[in-house]
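Written below as structure tokens is the structure these notes are about.
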Protein chains: 2
Amino acid sequence: MTVLFSKKCEIGLQAVLYLSTEEDGVLFNALQVSEKVKQPKEFVSKVLQILTTSGIIGSKKGKNGGFFLAKSATEIRLIEIVEAIDGMEVFEKCVLGFPECGDTHPCPVHMQWGKLRDDAYNMLKEETLHDFKMKTFDKLATL
Amino acid sequence: MTVLFSKKCEIGLQAVLYLSTEEDGVLFNALQVSEKVKQPKEFVSKVLQILTTSGIIGSKKGKNGGFFLAKSATEIRLIEIVEAIDGMEVFEKCVLGFPECGDTHPCPVHMQWGKLRDDAYNMLKEETLHDFKMKTFDKLATL
DNA sequence: TTATAATCGGAATTATAATTCTTATTAAAG
DNA sequence: CTTTAATAAGAATTATAATTCCGATTATAA
């Protein structure tokens with residue numbers, strides 16, 4: 001099992017972070033991305049398609065085609081990628097699985113998890129891809 | 001998808017919280033637990049078996065048998081249930097899925113997630129079942 | 001001692017997520 | 001205009017988690 005997001009989503013996050021390491025206008029094809037994130041090309045392609053449909057990245061078909069950030073790295077937030085692939089359910093459901101958990105019928109950890117969940121949400125929402133760029137570059141270089 | 005734990009684990013947590021609502025020595029059979037947590041008896045039985053093997057709950061076979069807390073509610077912590085069913089992987093793996101993420105090769109959210117992860121761990125570790133007992137009773141009564 | 005009501009453990013099945021395959025479409029380059 | 005290298009989309013397959021089923025065992029109570 002993954003931690004909080006599906007494997008598709010993890011790959012999507014990694015792929016977009018990788019795309020953000022290049023300047024505007026430079027393309028990476030699916031093979032290059034798949035080698036960087038160390039996952040099969042076919043699977044990575046699927047994820048890149050989803051991100052293309054949702055408008056986070058753009059694609060160019062045909063020879064010398066590939067993928068690129070659809071917006072500037074200063075405008076893309078990690079939460080958008082999570083939302084496009086997994087949706088927002090993780091931030092809405094009870095961590096203990098109680099279907100009726102809420103402010104009126106709280107589970108034993110409702111308040112505490114609520115804070116953690118909001119912190120996680122903010123972690124993904126507040127910083128832009130650009131903020132992460134250097135860290136990411138260092139990170140991806142070592143993989 | 002579930003939030004952080006497998007469905008088995010969610011049911012295990014709910015089941016143990018339910019068992020903790022009774023005094024020592026009182027048994028609940030699998031059917032009673034399954035009705036309370038609103039899941040099929042067969043599935044709940046499976047989960048109760050796992051918890052029995054790991055020593056968190058006890059079982060009595062045969063007619064009038066059932067399940068009960070193996071220790072006092074003041075000695076059982078939610079983290080034990082998570083560990084018995086899902087293991088500790090959620091608290092060890094990178095939230096973005098980078099296989100080499102760690103203090104030397106941190107992912108973009110490594111430090112921030114590290115804090116959240118530790119807070120979640122402490123949330124499940126520090127309070128005992130007994131601490132949750134009244135809240136839980138109220139909670140389960142409304143389901 | 002027999003019937004009954006439980007847990008136990010493993011096998012079988014089903015559902016869902018992950019992964020792969022296939023074919024179509026597109027655009028550049030020869 | 002043809003070949004080539006790419007994405008696109010959906011179908012098919014595989015892996016894993018969830019769920020169900022069945023037979024065995026156990027203990028109580030009639």
Side-chain angles (χ1 to χ4, degrees), chain A residues 1-15 19 25-35 37-70 82 84-87 89-90 93 97, chain B residues 1-15 19 25-35 37-70 82 84-87 89-90 93 97:
Chain A
M1 291 225 310
T2 50
V3 174
L4 203 54
F5 309 122
S6 71
K7 190 162 183 189
K8 267 189 195 139
C9 190
E10 290 183 351
I11 290 172
L13 288 160
Q14 294 179 25
L19 293 182
V26 179
L27 305 173
F28 291 103
N29 65 34
L31 181 62
Q32 293 172 307
V33 178
S34 75
E35 283 171 347
V37 305
K38 297 192 175 154
Q39 295 291 333
K41 175 177 171 295
E42 292 76 15
F43 190 44
V44 173
S45 299
K46 239 324 81 97
V47 176
L48 292 170
Q49 269 180 44
I50 296 170
L51 293 170
T52 303
T53 304
S54 64
I56 293 164
I57 66 180
S59 68
K60 187 186 172 208
K61 288 187 184 177
K63 196 164 185 177
N64 300 328
F67 299 92
F68 52 91
L69 295 188
V82 171
I85 300 178
D86 278 354
E89 278 203 346
V90 238
K93 293 194 299 190
Chain B
M1 292 225 310
T2 49
V3 175
L4 203 55
F5 310 123
S6 70
K7 190 161 184 190
K8 269 189 193 136
C9 190
E10 290 184 352
I11 290 173
L13 288 160
Q14 294 180 25
L19 293 182
V26 179
L27 305 173
F28 291 103
N29 65 33
L31 181 63
Q32 293 172 307
V33 178
S34 75
E35 283 171 347
V37 305
K38 297 192 175 155
Q39 296 291 333
K41 176 177 170 294
E42 292 77 14
F43 190 45
V44 173
S45 300
K46 246 309 94 90
V47 176
L48 292 170
Q49 269 180 43
I50 296 170
L51 292 171
T52 303
T53 304
S54 64
I56 293 164
I57 66 179
S59 69
K60 188 186 171 205
K61 289 185 183 178
K63 196 165 186 176
N64 299 328
F67 298 91
F68 53 91
L69 294 188
V82 171
I85 299 178
D86 278 354
E89 278 203 346
V90 238
K93 292 195 298 187

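Every chain is numbered from 1, with letters handed out A, B, ... down the list of sequences.
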Practice item. Tell me which of A:Lys46 and A:Phe28 sits closer to the 5' end of DNA chain D, going by the nucleotide each one is nearest to. Key: A:Phe28
Exercise for review: Identify the heavy atoms of A:Thr52 and A:Ser59 that sit nearest to each other, and give their distance.
Suggested key: CG2-OG, 3.7 Å
Review point. Contact class for B:Ser45 (heavy atom, under 4.0 Å): base, sugar-phosphate, or nothing?
Key: nothing
Exercise for review: In whole angstrom, give the distance that lies between atom NZ of A:Lys41 and atom C1' of C:dT19.
Suggested key: 13 Å
Exercise for review: Return the value, rounded to whole Å, for the distance between atom NZ of A:Lys8 and atom P of C:dT20.
Suggested key: 13 Å
Review point. So, A:Lys93 side chain and B:Met1 main chain: donor-acceptor pair closer than 3.5 Å or not?
Key: yes
Practice item. Counting Watson-Crick and G-U wobble pairs only, both distances under 3.5 Å, name the nucleotide matched with D:dA30, or none. Key: C:dT1
Point to revise | Nucleotide range of DNA chain D lying under 4.0 Å from chain A heavy atoms | key: D:dT4 to D:dA17
Practice item. Could you tell me the separation between the CD atom of B:Glu42 and the P atom of C:dA11, rounded to a whole number of Å? Key: 18 Å
Revision key, fill the gap. From NZ of A:Lys38 across to P of C:dT19 the rounded distance in Å is 16 Å
Review point. Toward the 5' end of DNA chain C, which comes first, B:Gly65 or A:Pro40, by nearest nucleotide?
Key: B:Gly65
Practice item. Please name the pair of heavy atoms, one in B:Val82 and one in B:Cys9, separated by the smallest distance, quoted to 0.1 Å. Key: CA-SG, 3.7 Å
**Study point:** B:Asp86 (side chain) donor-acceptor with B:Ser6 (main chain) under 3.5 angstrom
**Key:** yes
Check your understanding: Quick one: does A:Lys41's side chain get under 4.5 Å of A:Val44's, heavy atoms only?
Key -> no
Check your understanding: Heavy-atom distance under 4.5 Å between the side chains of A:Val33 and A:Phe67, does that happen here?
Key -> no
Exercise for review: Give a yes or no answer on whether the side chain of B:Glu35 reaches the backbone of B:Gln32 with a donor-acceptor pair at less than 3.5 Å.
Suggested key: no
Between the protein and nucleotides 28-30 of chain C, list the N/O to N/O atom pairs that are separated by less than 3.5 angstrom.
residue: C:dA28; atom: O3'; partner: A:Asn64; partner atom: ND2; Å: 3.3

Practice item. Please round to the nearest 0.5 Å and tell me the distance separating atom CG of B:Leu51 and atom CD1 of B:Ile57. Key: 5.0 Å
Point to revise | Heavy-atom closest contact (A:Lys7 atom, A:Phe43 atom, distance) | key: CG-CE2, 4.3 Å
Practice item. Examine C:dC8: is either OP1 or OP2 under 4.0 Å from a nitrogen or oxygen in the side chain of B:Ser59? Give yes or no. Key: yes
Review point. In whole Å, what is the span from the CG atom of A:Leu27 to the P atom of C:dT26?
Key: 18 Å
